[in-house]
Peer 1: 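One structure follows; several queries about it will come next.
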Amino acid sequence: MHNMDKKGLVKQFESIFPFEIIEAFKQIKRENFVPKQLKKEAYKDIPLPIGHKATISQPYTVLFMLANLEIKKDMKILEIGTGSGYNAALLSKIVGPKGKVYSLEISKELVKFAKNNLKKANITNVRVIHSDGSIGYSKVSPYDRIIVTAASPSIAEELILQLKPEGIILIPIGKYQQEMIKVKKLADGSITKESLGEFVFVQLRGKKGF
Ligand code: SAH
């Protein structure tokens, strides 16, 4: 049943997104990152509730962000808002075995849920960390890419500081509806910003959250 739905989505996405993103989407089973009773909904292009006031984003939004992050193999990536661990699993496939993904989650229950989902998917290059990601994670910084999957009030200075030169941050800015902002740090350390359109996310909590 969900296999046919998945094929339909793959077909639709193949004309929009790069090959390596489609490959990751094919490899990771979204049905294993949602609550049991929602498995049959896994390949509808909609967000789904995962409890603890969080949602797994709709597949289109996840792939849109991944495509715009311009990820290359072996990169070190920081994700803020692990949720189900689904996006982290896709990131893991895209950076490959020598890449590394750090993913921050503020809800203890979701840390457990995500770790369990990632383990079942045999993902070993993602570290899920229980911490307030609104200030990033300086311990293992700087990162090649930073992806924020919760609605943020602003681009925290900490995130800019934790980004490598030539790095990219994707972050949805706004309270009820968000503008997806792509931040680039140039080789000289200066910053450029570009808007990629409107989306809706769960709100970021914590020190620099809402
Ligand atoms: N990327 C996730 C979906 C994220 S939903 C997935 O693939 O399933 C947004 C997540 O951000 C929620 O799980 C929420 O608990 C988390 N969150 C909210 N504020 C946070 C903060 N300050 N630090 C880390 N995680 C946060």
Side-chain angles (χ1 to χ4, degrees), residues 21 24-25 27-35 38-39 41-69 71 77-94 101-121 123 126-141 143 145-159 162 169-178 180 199-210:
I21 306 247
F25 180 67
Q27 283 176 42
I28 301 297
K29 295 179 157 67
R30 190 171 185 255
E31 65 269 33
N32 292 348
F33 289 81
V34 302
L38 293 175
K39 277 185 193 285
E41 316 283 326
Y43 293 104
K44 290 184 181 158
D45 195 13
I46 52 172
L48 294 169
I50 54 172
H52 314 285
K53 293 183 221 148
T55 58
I56 178 173
S57 298
Q58 81 179 78
Y60 175 85
T61 303
V62 175
L63 271 65
F64 178 88
M65 289 185 84
L66 292 173
N68 281 288
L69 261 185
I71 302 163
I77 305 200
L78 177 68
E79 178 189 35
I80 298 163
T82 316
S84 66
Y86 177 67
N87 186 52
L90 293 173
L91 284 168
S92 149
K93 292 294 177 197
I94 300 166
V101 179
Y102 296 87
S103 186
L104 310 176
E105 174 54 56
I106 204 165
S107 152
K108 210 173 178 175
E109 290 79 11
L110 286 175
V111 167
K112 224 172 130 188
F113 180 59
K115 278 189 175 170
N116 193 32
N117 294 341
L118 289 162
K119 198 173 166 190
K120 280 194 277 185
I123 303 281
V126 174
R127 225 179 101 200
V128 178
I129 301 156
H130 181 217
S131 95
D132 175 7
S134 72
I135 49 167
Y137 190 69
S138 61
K139 222 179 248 178
V140 292
S141 69
Y143 305 95
R145 303 287 186 262
I146 300 178
I147 175 168
V148 185
T149 61
S152 310
S154 63
I155 306 162
E157 187 60 29
E158 287 87 346
L159 301 189
Q162 293 169 24
I169 303 176
L170 274 191
I171 181 167
I173 301 285
K175 191 159 189 182
Y176 301 109
Q177 194 179 3
Q178 294 81 43
M180 186 68 70
F199 292 85
V200 177
F201 283 85
V202 173
Q203 285 176 7
L204 186 75
R205 309 203 293 270
K207 195 173 167 209
K208 299 269 172 107
F210 286 104

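Whatever order the structure lists ligands and atoms in, that order sets their numbers, starting from 1.
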Peer 1: If hydrogens are left out, which of Pro47, Gly133, Ala88 has an atom nearest to atom 21 (C) of ligand 1, that is, the closest non-hydrogen atom?
Peer 2: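 The nearest heavy atom belongs to Gly133.
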Peer 1: Mind checking whether Val62 has a heavy atom under 4.0 Å from ligand 1?
Peer 2: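 No, Val62 has no heavy atoms under 4.0 Å from ligand 1.
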Peer 1: How close do Lys175 and Ala151 get, counting heavy atoms only, and between which atoms?
Peer 2: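 It is O-CB, 4.5 Å.
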Peer 1: Check this for me - ligand 1, Gly81, N or O atoms closer than 3.5 angstrom, yes or no?
Peer 2: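 By distance alone, the answer is yes.
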Peer 1: Report yes if Arg205 has an N/O atom closer than 3.5 Å to an N/O atom of ligand 1; otherwise report no.
Peer 2: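 Looking only at distances, the answer is yes, because the N/O contact criterion of under 3.5 Å is met.
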Peer 1: Can you tell me how far apart OG (Ser134) and CG (Leu104) are? Round to the nearest 0.5 Å.
Peer 2: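 One gets 9.5 Å once the value is rounded to the nearest 0.5 Å.
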Peer 1: Ignoring angles and geometry beyond distance, decide whether Asn87 reaches within less than 3.5 Å of ligand 1 through its nitrogen or oxygen atoms.
Peer 2: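 Among all N and O atoms of Asn87, at least one is under 3.5 Å from an N or O of ligand 1.
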Peer 1: Distance check, rounded to the nearest 0.5 Å: Leu48 atom CG versus Thr55 atom OG1?
Peer 2: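 The OG1 atom of Thr55 is 8.5 Å from CG of Leu48, to the nearest 0.5 Å.
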Peer 1: For the pair Glu109 and Lys112, find out whether any cationic side-chain nitrogen is under 4.0 Å from an anionic carboxylate oxygen.
Peer 2: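 Answer for the salt bridge query: no.
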Peer 1: Select the closest option to atom 14 (C) of ligand 1 among Glu79, Glu105, Lys207, judged by heavy-atom distance.
Peer 2: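 Going through Glu79, Glu105, Lys207 one by one, Glu105 has the nearest heavy atom to atom 14 (C) of ligand 1.
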Peer 1: Does any N/O atom on Ile56 come nearer than 3.5 Å to any N/O atom on ligand 1?
Peer 2: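 N/O-N/O distance below 3.5 Å does not exist for this pair.
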Peer 1: Should the ring pair Tyr43 and Phe25 be called parallel, tilted or perpendicular, given that the plane angle runs from 0 to 90° and is split at 30 and 60?
Peer 2: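 It falls in the perpendicular class, over 60°.
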Peer 1: How close do Ile80 and Gly136 get, counting heavy atoms only, and between which atoms?
Peer 2: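 So the two residues come closest at CD1-CA, 4.5 Å.
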Peer 1: Which salt bridge (charged side-chain N to carboxylate O under 4.0 Å, His left out) pairs, counting each pair once, include a residue from residues 149-158, with sequence neighbours left out?
Peer 2: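 Pairs touching residues 149-158 that pass the test: Glu158-Lys208.
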Peer 1: Are Ser131 and ligand 1 in contact, using a heavy-atom cut-off of under 4.0 Å?
Peer 2: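 Per 4.0 Å heavy-atom rule, Ser131 contacts ligand 1.
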Peer 1: For this output row, return yes or no: ring centroids of Phe33 and Phe113 closer than 6.0 angstrom.
Peer 2: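 No.
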Peer 1: Side chain, backbone, both or neither: which applies to Leu110 and ligand 1 if a contact is any heavy-atom pair less than 4.0 Å apart?
Peer 2: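 The part of Leu110 near ligand 1 is the side chain, not the backbone.
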Peer 1: Does the N or O separation between Thr149 and ligand 1 drop below 3.5 Å for any pair?
Peer 2: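 Yes, there is a polar N/O contact under 3.5 Å.
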Peer 1: Quick one: nearest non-hydrogen protein atom to atom 17 (N) of ligand 1, plus distance?
Peer 2: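 The closest one turns out to be Ile106 CG2, 3.8 Å.
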Peer 1: Hey, does Ser107 come in under 3.5 Å of ligand 1, counting only N/O atoms on both sides?
Peer 2: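 The answer is no, given that Ser107 and ligand 1 share no N or O pair closer than 3.5 Å.
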